[in-house]
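Numbered from 1 within each chain, the chains take letters A, B, ... in sequence-line order. Predicted model only: the values in this text are computed from it and were never measured.
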Number of protein chains: 2
Amino acid sequence: MDAAQIDQVRRFNRTVTARVGVLHDHYLGRERPIGEARLLWEISAEGQDVRRLRERLGLDSGYVSRLLRALEADGLVTVEPRPQDRRVRTVRLTPDGAAERELLDLRSDELAGSLLAPLNPAQRTRLVAAMAEVDRLLTAAMVVLDPVDPDHPDAQWCLRSYFTELQERFDTGFDPALSLLPDAGELRPPRGLFLVARLHGEAVGCAGLKLPAGAPAEIKRMWVAPGARRLGLGRRFLAELEARAAEEGRDLLRLDTNKALSPAIGLYHSSGFQEVPPFNDEPYAHHWFEKRIAPAAAPGA
Amino acid sequence: MDAAQIDQVRRFNRTVTARVGVLHDHYLGRERPIGEARLLWEISAEGQDVRRLRERLGLDSGYVSRLLRALEADGLVTVEPRPQDRRVRTVRLTPDGAAERELLDLRSDELAGSLLAPLNPAQRTRLVAAMAEVDRLLTAAMVVLDPVDPDHPDAQWCLRSYFTELQERFDTGFDPALSLLPDAGELRPPRGLFLVARLHGEAVGCAGLKLPAGAPAEIKRMWVAPGARRLGLGRRFLAELEARAAEEGRDLLRLDTNKALSPAIGLYHSSGFQEVPPFNDEPYAHHWFEKRIAPAAAPGA
DNA sequence: TCCATTCTCTGACTCTAGTCAGAGAATGGT
DNA sequence: ACCATTCTCTGACTAGAGTCAGAGAATGGA
């Protein structure tokens, strides 16, 4: 990360906060405080728990409560206890609220239009393309990888999605019972670990690492949600697992994969993995890879 | 401007205001109200007129005054009347103020770093490039073209800069006395017009149009400040002047230029101008261009 | 059944941001 | 010398954003 890059990012921040940020608030908050507008914006059609709203917007509970009271008074939302747990309250848009949200969407369109309007068509095309790129990469930068227990709901959700996808993509289908499944203990310290990738707190991918005694470290169950692909997440998982295996003093990383997963195969190749003869009897595997890695001492913190 | 473009811009706005906007304020405003921080940020080392600060930030004069009082009380700035015009007051950073600004810069670097940190080098390079593009195009979109009197200070400043630049770039040097200079009256309605381009209220370019009776319309003194180049401003000037000449019922636009101004020559070619034999005796001209345009009725408003 | 915990809400604040009207000093043109 | 204009500042506001402490209802577990 060199100084010129930092510099460009700074210039970008300046232009963009000046232009987009200010306008955004201005457009959105025309006849409504932006606190209320932001809240309205976050309430989806099916309703949201107050708790979740607070988390997403990072606001004080008292403040959110007050904002909700204001929206309720305007007849834009209803707030009701959730039947299963009456402490938690769920916010829903009324028809009026939905209409108001619609209006915010319209404003958002206007803002977008005002950014493009002064440009000629060629410039517009280039601006939109560059924005898409920035959007994609900033989104990628917002993804966090957390080690979790394989039994954690997020982990379980990822694994279920993973299996469903394999079932669809393998021409033979996929039956977990026939596969060499590591039991959860193998993907939990000290025998391994399991990472979940999250975007805005929502799970969007997973990857497991087996660290068997007396055998090479092995990557298992790497999956990225369709909506989070093309963000370099697979590569990031590989790098992270490699670093962690290295910290454990391992010098070899391996994995197996199915021929149907061609993007993954490309990823392994371009990440320094070499194809090797089968090292296990996984019935769904067609390719086996390994990569020499540099073992490192565990870091201080 | 199609719906897909609008949509992408909206997605961008959301990601960016969520990520950059919020962080920006957060980083910048750690121990100081962001109003003050923004102001501090805008005061350059040589000092700024209060008026200019107000314009750049788009704030109420009373508000700015109050903010300045606060910064002054903290010993970060001094405010003194400008000797030539004691109504205007100039703000200057004290050493403490410069240190504080330094700190803001550091914060800004941290923010930039935090955006890049989770990415791999290839992604960083792409992000930075895309940001530069967005930055450039949004900046371009912020430039406004205003018709002004050729005696207006902004126009005069542009013309002086223009002559200085010609002096440097022509291998013969440039002496305005030898050139075919239109007098100011020729670039002022009804005999012509003069446009100034402004970015954040600051002049960044100019272009004049002669509309002589019984002769083709002629573009004169088109210049773009070095800091505002590569924003498509030259092309925009040409388009604007063409439209205005058309409104006046003209069907031919012409101009002359010096061989040293190769980017301009490229621009003329790519904007539909054809090189023609000399139509005047301008001693500094090597190339003469003209373009047929479609005369139009003057618009209602 | 009791008790710690979770979740939301209310009241009572503080601080920023920003607006508006008008005063007062300088200036430029006549 | 006068007057309209320009520029900055002050006073008097409004309203939005956000914090903090604590009350009260539900819940889950011992």
Side-chain angles (χ1 to χ4, degrees), chain A residues 17-18 21-26 28-43 47-74 77-92, chain B residues 17 21-22 24-26 28-43 47-74 77-92 149 151-154 201:
Chain A
T17 51
V22 174
L23 275 183
H24 181 75
D25 288 0
H26 182 253
L28 234 58
R30 220 144 27 175
E31 58 258 329
R32 185 168 297 289
I34 66 151
E36 290 179 26
R38 280 205 290 159
L39 206 56
L40 212 50
W41 188 268
E42 285 296 332
I43 300 167
Q48 286 273 342
D49 293 346
V50 173
R51 190 173 194 292
R52 180 169 210 99
L53 283 177
R54 222 168 35 219
E55 254 170 30
R56 282 185 81 111
L57 295 169
L59 299 175
D60 175 82
S61 76
Y63 185 34
V64 169
S65 182
R66 215 174 306 280
L67 290 174
L68 285 175
R69 235 37 63 224
L71 292 175
E72 220 173 6
D74 287 358
V77 304
T78 57
V79 184
E80 288 172 341
R82 196 164 62 183
Q84 311 94 306
D85 181 346
R86 301 180 52 80
R87 288 172 304 184
V88 180
R89 311 234 294 164
T90 305
V91 187
R92 247 174 270 279
Chain B
T17 50
V22 174
H24 181 75
D25 288 359
H26 182 254
L28 235 57
R30 223 147 22 180
E31 59 258 328
R32 185 168 296 289
I34 65 154
E36 291 180 25
R38 280 204 292 159
L39 205 56
L40 211 49
W41 187 267
E42 286 295 334
I43 302 166
Q48 285 275 342
D49 294 346
V50 172
R51 188 173 195 292
R52 176 161 226 115
L53 283 176
R54 221 171 34 219
E55 254 171 31
R56 283 186 80 111
L57 296 168
L59 299 175
D60 175 82
S61 76
Y63 184 33
V64 168
S65 182
R66 216 174 305 280
L67 289 174
L68 286 174
R69 240 31 70 226
L71 291 174
E72 220 173 6
D74 287 358
V77 304
T78 57
V79 183
E80 289 171 339
R82 196 166 62 182
Q84 310 94 305
D85 181 345
R86 299 179 55 79
R87 288 172 305 183
V88 180
R89 310 233 296 161
T90 305
V91 187
R92 248 174 267 279
D149 192 280
D151 286 338
H152 185 286
D154 284 349

Each nucleotide in nucleotides 18-30 of chain D should get exactly one letter: B, S or -. Can you fill that in based on protein heavy atoms under 4.0 Å?
BBB-----BS---
Quick one: do B:Leu59 and B:Arg38 satisfy side-chain contact (heavy atoms from CB on, under 4.5 Å)? Show the steps, please.
CA-CA 11 Å; B:Leu59 299 175; B:Arg38 280 204 292 159; 4.2 Å; yes
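- Computed from coordinates, the A:Leu53 CG to C:dC7 C1' distance equals 14 Å when rounded to whole Å.
- Contacts of A:Arg87 classified as side-chain hydrogen bond (donor to acceptor under 3.5 Å, both in side chains), with partners at least two apart in sequence or in another chain: A:Asp85.
- Between B:Arg89 and D:dC9 there is a side-chain polar atom (N or O) within less than 4.0 angstrom of OP1 or OP2.
- Contacts of B:Ser65 classified as side chain to side chain contact (heavy atoms under 4.5 Å, CB included), with partners at least two apart in sequence or in another chain: B:Arg69.
- Not counting sequence neighbours, the partners of A:Glu42 by the side chain to side chain contact (heavy atoms under 4.5 Å, CB included) test are A:Leu53, A:Arg56, A:Leu57, B:Arg14.
- Atom CG in B:Leu68 sits about 13 Å away from atom C1' in D:dC7, given to the nearest Å.
- Note on the helix from C:dT1-D:dA30 to C:dT30-D:dA1: angle between the axes of the first and last five pairs equals 20°, rounded to 10 degrees.
- Distance B:Leu57 CG to C:dT16 P: 18 Å, rounded to the nearest Å.
- What separates CG of A:Asp49 from C1' of C:dC9 is a distance of 16 Å, to the nearest Å.
- Contacts of B:Asp60 classified as side-chain hydrogen bond (donor to acceptor under 3.5 Å, both in side chains), with partners at least two apart in sequence or in another chain: none.
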What verdict does the side-chain contact (heavy atoms from CB on, under 4.5 Å) test give for A:Glu36 and A:Leu67, after you've listed the backbone C-alpha separation in whole Å, the side-chain angles of each residue and the deciding distance to 0.1 Å?
CA-CA 6 Å; A:Glu36 290 179 26; A:Leu67 290 174; 3.8 Å; yes
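- The neighbour count for B:Arg82 CZ, taken as heavy atoms of other residues, nucleotides or ligands under 6.0 Å away, is above 12.
- For C:dT10, one of the phosphate oxygens OP1 or OP2 lies less than 4.0 angstrom from a side-chain nitrogen or oxygen of A:Arg69.
- Atoms CD (A:Glu36) and C1' (D:dA17) sit 12 Å apart, rounded to a whole Å.
- For B:Ile43 against B:Gln48, the heavy-atom pair with the smallest separation is CA-CG, 3.8 Å.
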